[in-house]
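Treat the numbers as computed from the prediction; the structure is a model and nothing was measured. Lettering follows sequence order; numbering is per chain, from 1.
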Protein chains: 2
Amino acid sequence: MPRPSRRDHLIETAITLFCEHGYHATGIDRILAAAGVSKKTMYVYFRSKEELIYAALRQYDGVFRNNFMKAVEAASDTPKGKLLAIFDVAEVWFGDNQFFGCMFINAVGEYSEKDSPVREISKQFKKLLRYYVVSLAKEAGADDADELADELCLLLEGAIVTAQVSDDTKAASIARKMAVLAIEDAVG
Amino acid sequence: MPRPSRRDHLIETAITLFCEHGYHATGIDRILAAAGVSKKTMYVYFRSKEELIYAALRQYDGVFRNNFMKAVEAASDTPKGKLLAIFDVAEVWFGDNQFFGCMFINAVGEYSEKDSPVREISKQFKKLLRYYVVSLAKEAGADDADELADELCLLLEGAIVTAQVSDDTKAASIARKMAVLAIEDAVG
DNA sequence: TTCAACAGAAACAGATCTGTTTCCTTATGT
DNA sequence: ACATAAGGAAACAGATCTGTTTCTGTTGAA
């Protein structure tokens with residue numbers, strides 16, 4: 001039974017490189033060099049590059065949502081405040097030098113087959129993040145928590161892409177302002 | 001002096017394949033086979049694959065914005081109606097079987113270098129589309145046309161990504177509903 | 001008809017990619 | 001101390017990629 005540390009380190013390195021350079025553009029050798037792991041060892045843990053991609057996406061899914069939820073919880077005590085904190089947390093994220101957009105959005109751009117595991121994992125990620133927003137929307141007393149969550153999630157997607165493509169540092173605050181309108185409309 | 005038709009056909013074919021499969025995953029040979037053009041001829045018009053990518057993005061920039069603006073103009077007579085028509089036009093776009101998200105968003109996901117031509121062209125596209133929305137916002141009598149345009153453009157980005165990644169057919173109408181709120185807030 | 005330019009087909013070069021295998025070193029447990 | 005397993009380094013195979021070149025046919029104009 002192999003120790004998990006090597007496998008995890010490989011996944012962490014892969015996440016970083018896939019985020020920055022994309023999936024097809026990131027060769028196995030580059031990941032291995034960055035991780036300081038031999039090719040032989042990698043192929044013990046992952047039977048192919050595809051499997052490493054899936055593992056990286058699944059790992060990031062958990063880690064990102066966990067960090068995101070924790071940051072939101074820490075940013076505010078009130079339900080309504082937490083809904084808005086989503087965009088404050090996003091703003092910090094966008095300001096990171098290592099911000100290259102959403103790993104899942106970028107992944108779907110490279111893998112267009114409808115039933116591809118990449119798309120399934122990405123869709124699942126967005127679904128799970130939405131569940132969390134739905135729960136916050138319920139706590140905030142929204143008339144239709146699902147609808148409000150749809151709106152806030154769409155705003156977040158828009159902010160991510162605007163920050164990434166248009167290189168707009170105001171993206172998070174633009175989204176936040178609209179979030180105020182959406183929340184008022186939904187809770188009123 | 002070469003006839004432009006071959007060059008244009010090559011660009012059109014490249015756009016289709018880059019949209020569906022991405023940039024790194026689309027090899028030259030695949031484009032050439034689909035276009036029915038020889039490699040030799042291609043390298044007369046484009047000195048490298050990179051140049052073909054730039055040409056495809058620049059061509060799509062013009063064609064897409066032109067079609068988009070025409071569709072918006074045709075959908076409504078009033079300024080406010082045109083602002084909302086953005087999302088009706090988007091809905092039709094998302095419903096297309098050949099919808100694979102925004103070519104520029106996908107491109108930026110694959111080319112992360114800050115000063116890359118791909119990023120420059122993509123940023124320029126978003127900027128030009130925003131100029132159009134600003135002009136519509138001015139016509140609609142927005143207090144701050146720039147701010148409203150920022151908001152509506154962010155909603156459009158969010159709708160595109162939500163339709164693409166979450167495979168959500170409601171994406172356009174969710175964005176449209178928020179657009180109503182934003183317009184009311186801005187014109188009030 | 002003849003000549004020149006064009007363009008397709010295909011071979012080719014060189015690089016890079018994924019994935020396998022071999023060889024050797026280094027730990028670790030008995 | 002010795003046997004065994006793990007893992008690095010690197011060669012290797014086979015595929016694929018970009019870009020060049022060569023050869024051949026075809027077309028259009030003088």
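Closest to the A/D29 side chain, of the nucleotides C/dA7, C/dT18, D/dG7, is C/dT18. Distance from the side chain of B/Y45 is smallest to C/dA7 among C/dA7, D/dG19, C/dT20. Set against D/dT18, C/dG8, C/dT20, the side chain of B/V37 has C/dG8 as its closest nucleotide.
Phosphate proximity of C/dT18 to A/R30: absent, as no side-chain N or O sits under 4.0 Å from OP1 or OP2. Side-chain N/O atoms of B/R47 include none lying less than 4.0 angstrom from OP1 or OP2 on D/dT20. Contact check, B/T41 against C/dA7: no side-chain N or O comes under 4.0 Å of OP1 or OP2. Proximity of B/K49 to the phosphate of D/dT18: a side-chain N or O atom is located under 4.0 Å from OP1 or OP2.
A/I31 has its CD1 atom 12 Å from the C1' atom of C/dT18, to the nearest Å. Going from atom CD1 of A/I53 over to atom P of C/dC17 covers 14 Å, rounded to whole Å. Computed from coordinates, the B/L32 CG to D/dT16 C1' distance equals 14 Å when rounded to whole Å. In this structure, the OH atom of B/Y43 is 19 Å from the P atom of C/dC12, given to the nearest Å. Taking atom NE2 of residue B/H9 and atom C1' of nucleotide C/dG8, one finds them 15 Å apart after rounding to whole Å. Spacing between atom CE of A/M42 and atom P of C/dG19 amounts to 7 Å, rounded to whole angstrom units. When rounded to the nearest whole Å, the span between CZ of B/R7 and C1' of C/dA7 equals 17 Å. As rounded to whole Å, 20 Å separates atom P of C/dC17 from atom CZ of A/F46.
Remark: B/R176 does not engage B/E91 in a salt bridge, criterion side-chain N to carboxylate O under 4.0 Å. Using a 4.0 Å cut-off between charged nitrogen and carboxylate oxygen, A/E139 and A/K80 do not count as a salt-bridge pair.
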### Query
Under the ring-ring contact (aromatic ring centres under 6.0 Å, His included) criterion, do A/Y111 and A/H24 qualify, and how do the steps go?
CA-CA 10 Å; A/Y111 297 88; A/H24 289 92; 4.9 Å; yes
### Message
What verdict does the ring-ring contact (aromatic ring centres under 6.0 Å, His included) test give for A/F125 and A/F64, after you've listed the backbone C-alpha separation in whole Å, the side-chain angles of each residue and the deciding distance to 0.1 Å?
### Response
CA-CA 10 Å; A/F125 167 80; A/F64 182 92; 5.7 Å; yes
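Interface remark: the B/K39 side chain does form a donor-acceptor pair with the D/dG19 base, using a distance-only criterion of under 3.5 Å.
Two residues, A/I28 and A/K40, neighbour DNA chain C, and the one matched to the more 5' nucleotide by heavy-atom proximity is A/I28.
When the shell of 6.0 Å around CG of A/D77 is examined, it contains 12 or fewer heavy atoms from other residues, nucleotides or ligands.
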